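Have a look at the structure below before the remarks.
Whatever order the structure lists them in is the order used to number ligands and atoms, beginning at 1. It should be emphasised that the depicted structure is a prediction, and the values quoted were computed from it without experimental measurement.
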Amino acid sequence: MSQLLPSTSSICLLLLCTLFLHHSLADLGTAARYGPPFLPTACFGRDASQFPPSNFFGAVGEGLWDNGAACGRQYQVRCISAAVRGTCITGQMVQIKIVDRAQSSVSRPSLEGTTLVLSSQAFQAIANASASFINVEYQQV
Ligand SMILES: *[C@@H]1O[C@H](CO)[C@@H](O)[C@H](O)[C@H]1NC(C)=O
């Protein structure tokens, strides 16, 4: 028993570290793209003032929707790979604001069921605009 206690707390510490590291690192997912019309959105209805001037925005898939809490969150997104070699623009990162829910967006994503859907401007900042989806690394900021 006395030997069991230290090892149990070590495991707990390891688990805490793992959770902490996991949170500080980017997650992996997929991203499709979508173009206009963007209104109305599931987040802000017809309020066009919620779109960032950069036109770097997007919609979240069900995994990130968080019952609507995703609205207004900012994500940094990086393209890591795609079906066609050379699709990703190496070293590019884009920061997007979440304005919609992919499942109900007016303009349909180039692929259903992805983690994120990027506005075409955001998508083409990190990848070849003609790709229908890319593998991404993303992190909430
Ligand atoms: C983008 O992809 C298309 C289709 O695969 C290709 O024809 C085009 O050359 C690519 N553009 C760039 C800039 O790589």
Side-chain angles (χ1 to χ4, degrees), residues 1 3-141:
M1 192 64 188
Q3 262 186 335
L4 208 96
L5 283 173
S7 64
T8 306
S9 46
S10 302
I11 289 168
C12 287
L13 193 64
L14 193 69
L15 194 69
L16 280 176
C17 287
T18 310
L19 285 173
F20 175 75
L21 281 175
H22 181 75
H23 265 280
S24 60
L25 291 173
D27 285 307
L28 299 177
T30 50
R33 56 178 163 74
Y34 71 151
F38 297 111
L39 291 174
T41 69
C43 288
F44 308 116
R46 298 193 174 274
D47 187 359
S49 72
Q50 292 294 333
F51 288 83
S54 63
N55 280 324
F56 292 162
F57 57 85
V60 285
E62 293 306 288
L64 293 177
W65 172 241
D66 198 4
N67 218 9
C71 294
R73 283 180 182 160
Q74 303 266 349
Y75 284 95
Q76 285 182 339
V77 188
R78 203 163 65 84
C79 180
I80 52 169
S81 67
V84 177
R85 192 205 298 250
T87 297
C88 292
I89 301 173
T90 312
Q92 285 303 304
M93 159 106 71
V94 71
Q95 186 167 325
I96 58 160
K97 178 184 177 182
I98 301 307
V99 299
D100 208 350
R101 180 184 193 174
Q103 187 168 281
S104 59
S105 63
V106 177
S107 165
R108 299 310 304 148
S110 50
L111 180 73
E112 300 287 340
T114 56
T115 316
L116 292 163
V117 183
L118 310 182
S119 64
S120 18
Q121 285 95 336
F123 191 92
Q124 68 188 24
I126 57 170
N128 184 324
S130 60
S132 67
F133 82 100
I134 53 177
N135 297 310
V136 294
E137 202 173 74
Y138 64 97
Q139 185 167 27
Q140 194 187 333
V141 289

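Ligand 1 places these atoms under 4.0 Å from at least one heavy atom of Asn128: 1 (C), 2 (O), 3 (C), 8 (C), 10 (C), 11 (N), 12 (C), 14 (O).
Ser119 and Asn55 are not linked by any side-chain donor-acceptor pair at a separation below 3.5 angstrom, with hydrogens and angles left out of the test.
Once rounded to the nearest 0.5 Å, the distance linking CZ of Phe133 with CG of Leu118 reads 13.0 Å.
The protein atom (non-hydrogen) at minimum distance from atom 3 (C) of ligand 1 is Ser130 OG, 3.4 Å.
By the definition of a contact as any protein heavy atom under 4.0 Å away, atom 9 (O) of ligand 1 is not in contact.
Judged purely by atom type and a 3.5 angstrom limit, Arg73 has no side-chain atom pairing as donor or acceptor with the backbone of Val141.
Partner of Phe123 under the side chain to side chain contact (heavy atoms under 4.5 Å, CB included) criterion, out of Ile134, Val117, Leu116, Asn128: Ile134 alone.
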